[in-house]
Undergrad: 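Sharing a structure, written as structure tokens. Questions coming.
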Amino acid sequence: MGIENYLQGENYMVTSLTKLVNWSRSNSVWPCTFGLACCALEMIASTLSNFDISRFGSEVFRPSPRQADLLIVSGTLTKKMSVMVKRVYDQMADPKWVIAMGACSSCGGVFQSYAVVQGVDQIIPVDVYIPGCPPRPEAVLAGLMKIQEKIRTEKLDQRPDFTG
Amino acid sequence: MSYKNVIQTIHKKFPEAIVNECENKGQREISLAKNRFYETMRVLQENTDLPYDLLIDILGIDYTPRTPRFDLVYILLSTKDFSRLIVRLKAEEGEEIPSVSSIWHSADWAEREVYDLMGIPFSDHPDLKRILTWKNFEGHPLRKDFPLEGKDFDKPFDPETIEDYT
Amino acid sequence: MAESKKMYLNMGPHHPATHGVLRIELELDGETIVNATPRIGYLHRGIEKLAENRNYQQIIPLTDRLDYASASANNMGYCVTVENLMGTEVPKRAQYLRVIMAELARIMGHHLWIGTHALDIGAMSVVFYAFRDREMIMDINEEIAGYRLTPTFFRIGGVAHDATPKFIQMVRDFVKWFPKGLDGYHKLLTENKIWTTRTMDIGTISAEEAVNYGFTGPSLRGSGVAYDLRKAFPYSSYDDFDFQIPVGDKGDVYDRYLVRMEEFSQSLKIIDQAIENLPEGPVNVDNPWISNPDLDEVQKDISALIRRFMIHVKGPVAPEAEVYQAVEGAKGELGFYLVGDGSEHPYRLKIRSPCFYLASALPRLMVGHMVADAIAIIGSIDVVLGEIDR
Ligand code: SF4
């Protein structure tokens, strides 16, 4: 089979705890099942048959924000909805990350109107922006890999949720 | 022609109800007067010749600075022969229009939408409040004097200011 | 006897089974729904207001984002309306290409419906098969328009450009392949005992009531009224094609399911006829005020370049008139009421969205059923929030 064929007896590996934690966090980023508009369909497409997000350890979409690590804001954020998005974000347990998917959630997109928030970063902090209207599923996966990259370089005591 | 019959019935019952009758791009269209509006709509739905039983949509058009300011357009369809009828009504600003939600159920939300976006109030509506925008939204966005981007577009947005129905 | 108390349950707007940001306040007595209040507007983006500030060409991408599950069908509605207002006749080839795109979009919308509807009720596997087939249509969209979900392939007075041979081949392949896929869905669901128990006699609505609530499209046809705009008010050469309108009789969730399943094959039939009889000729009207010059011409001729520029920044001008035109969208009668004022912007554009009225009937459909059925009912009327809220 794999690596276990070469391992005999007790085995040890020397690494830093930060690396180990970041490695495990980065490969199990569970997104929140949260769709707002058209972009949500491409997010769904990235999880299903052809694109299969589980190759990157993120197939476990959690309807409850309390069990999720990643909020993919996929779609137009209207002012009426902004209250709920803020609440969902606040309910998520640390550590948490946010992807702004699509032009709308990054900057308002084509909807520069009275009802639309011009970018979700006005209400919650964003880690990765994915351009496109809607972005392709590959772009969603690329955004996810960017998040993983970011997680791997994080210092645990420098995370915003670190309380000492 | 059953459509003719319907118009005649209305003429007989309420001689002054129909202000104008025309054909616009092959579409039948009538303009109604305000005083007998509700009763005329009832006849349109309940008559047996050609009942207009499906209310497709209601919309308001803002014609400022004209008076009366608004046009209300009701699009009706008869499932008997699948023909459409457009009913038009002129409305002053702030004037209450009789609600037709007791005739067609679909008018319930449609009227709420017109009220929300155009600011035309309806009398006897079961639950007239904003539907697409939120509770403390100011103004009516589809009026011509409402700016596209709203009032505080250049200020940072704060979700705390939004109050919603619960 | 124990005293029973009402319980209030807030469903949505962040709920995986409400197909977007629909919010429903349920009032429960035990597990039975005694009252339901849908609340909408969480995706209200102001498309109608935006349209008043755009020129006619620029509105087409906005219409893609109405019913985003079947984008081309909305383009069809809008373009047909504008052409009606301007009195333009679109060439036959463009009409056929439009029909192909709109029917593919309808199939796409139904794919999303069957996938999520089954997933909500608990049949997990259907969604994987549905999206496998949906990806094929996405690839077709990408081939012809360059975009997967929101192709914006239509233009006022025609389509963006002619079909490529590869596109035609891909459509043919899809038409050949899809009956097998459809058969798979039928095998998974139609006679499945769990499926029939969960859907039969749930959310029943009679024809008369459905009409009164403003139902259109597959949901109305599930109740037995054969109202289909493709037959009742044919547009874009639909009268050239031979197809049937499936109708149900009881008007429950299962009937609506059967109607949509049959629509898959009817749409496929239309696509087949259209692609096999695709007429030759131009794909844009021969009117320099409306249609773009070819890219070839633009590269060689300065006046063509200027014309292209003007069409893009200013666009065609509509006369002072009003028109209501509707098409059969994937969810029902998708109408556009357009008021032109002699300029390049519409004075008023009202979008008649079928889902708006379907959602308004949710209390009527839900009351008296169990909480678990609420999800089956939402799935069966197939709402898309982008279209409800606009
Ligand atoms: S970015 Fe484009 S596709 Fe995504 S939600 Fe906005 S309009 Fe829709």
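All chains are named by letter (A, B, ...) in the order of the sequence lines, taking the proteins before the strands, and each is independently numbered beginning at 1. Please read all numbers here as calculations on a predicted model, not as lab measurements.
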Undergrad: So which part of C:Ala69 gets closer than 4.5 Å to some heavy atom of chain A, the side chain, the backbone, both or neither?
TA: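 Its backbone and side chain both get close to chain A.
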Undergrad: Salt-bridge test for C:Lys331 and C:Glu387: reply yes if a basic N is under 4.0 Å from a carboxylate O, no otherwise.
TA: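 No.
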Undergrad: Which residue out of A:Ile44, A:Val88, A:Val116, A:Thr76 racks up the most heavy-atom pairs below 4.5 Å with chain C?
TA: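 Most heavy-atom pairs within the cutoff with chain C belong to A:Thr76.
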Undergrad: Heavy-atom distance under 4.5 Å to chain A: side chain of C:Gln58, backbone, both or neither?
TA: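 Contact with chain A is absent: no heavy atom of C:Gln58 under 4.5 Å.
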Undergrad: Would you mind checking which part of C:Ile40 comes under 4.5 Å of any heavy atom in chain A, side chain (CB onward), backbone (N, CA, C, O), both or neither?
TA: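 Just its backbone gets close to chain A.
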Undergrad: For A:Arg152, does the CZ atom have more than 12 heavy-atom neighbours from other residues, nucleotides or ligands under 6.0 Å away?
TA: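 Correct, the count exceeds 12.
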Undergrad: What part of A:Cys32 lies closer than 4.5 angstrom to a heavy atom of chain C: side chain, backbone, both or neither?
TA: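 Side chain only.
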Undergrad: I'd like to know if the side chain of A:Asn50 pairs up with that of C:Arg132 as donor and acceptor (distance under 3.5 Å, no hydrogens or angles considered).
TA: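 On atom types as modelled, these side chains do not qualify, holding no pair under 3.5 Å.
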Undergrad: Can you confirm whether A:Lys146 sits close enough to A:Val128 that some side-chain heavy atom of one is under 4.5 Å from a side-chain heavy atom of the other?
TA: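 Of all side-chain heavy-atom pairs linking A:Val128 with A:Lys146, at least one is under 4.5 Å.
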Undergrad: Is the closest basic N to carboxylate O distance between A:Arg136 and C:Glu142 below 4.0 Å?
TA: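 The answer is yes: the pair qualifies as a salt bridge.
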Undergrad: Between A:Pro134, A:Gly35, A:Ser113, A:Ala115, which has the largest tally of heavy atom pairs under 4.5 Å with chain C?
TA: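 The residue among A:Pro134, A:Gly35, A:Ser113, A:Ala115 with the greatest pair count is A:Pro134.
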Undergrad: Looking only at atom types and distance, does a side-chain atom of C:Glu48 sit under 3.5 Å from a main-chain N or O of C:Ile351, one as donor and one as acceptor?
TA: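 A pair under 3.5 Å: yes.
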Undergrad: Could you look at C:Leu43 and say if it's the side chain, the backbone, both or neither that has a heavy atom under 4.5 Å from chain A?
TA: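 Contact with chain A involves both backbone and side-chain atoms of C:Leu43.
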Undergrad: Just by distance, no angles: are the side chains of C:Ser72 and C:Asn75 close enough, under 3.5 Å, to form a donor-acceptor pair?
TA: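 The answer is no; no qualifying pair exists.
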Undergrad: Please determine, by modelled atom types, if C:His111 and C:Tyr185 share a side-chain donor-acceptor pair under 3.5 angstrom.
TA: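 The criterion, which ignores hydrogens and geometry beyond distance, is satisfied for C:Tyr185 and C:His111.
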Undergrad: Please determine, among A:Val110, A:Leu41, A:Thr47, A:Leu36, the option with the most heavy-atom pairs under 4.5 Å with chain C.
TA: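 Most heavy-atom pairs within the cutoff with chain C belong to A:Leu41.
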Undergrad: Quick check on C:Arg148 against chain A: is it the side chain, the backbone, both or neither that has a heavy atom closer than 4.5 Å?
TA: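 Contact with chain A involves the side chain of C:Arg148 alone.
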Undergrad: Name the region of A:Phe61, side chain, backbone, both or neither, that has any atom closer than 4.5 Å to a heavy atom of chain C.
TA: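 A:Phe61 has no heavy atom closer than 4.5 Å to chain C.
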Undergrad: For A:Ala45, which atoms come within 4.5 Å of any heavy atom of chain C: side chain, backbone, both, or neither?
TA: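 It is both, since atoms from each part get that close.
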Undergrad: Side chain, backbone, both or neither: which part of A:Phe111 has a non-hydrogen atom closer than 4.5 Å to chain C?
TA: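 Both backbone and side chain.
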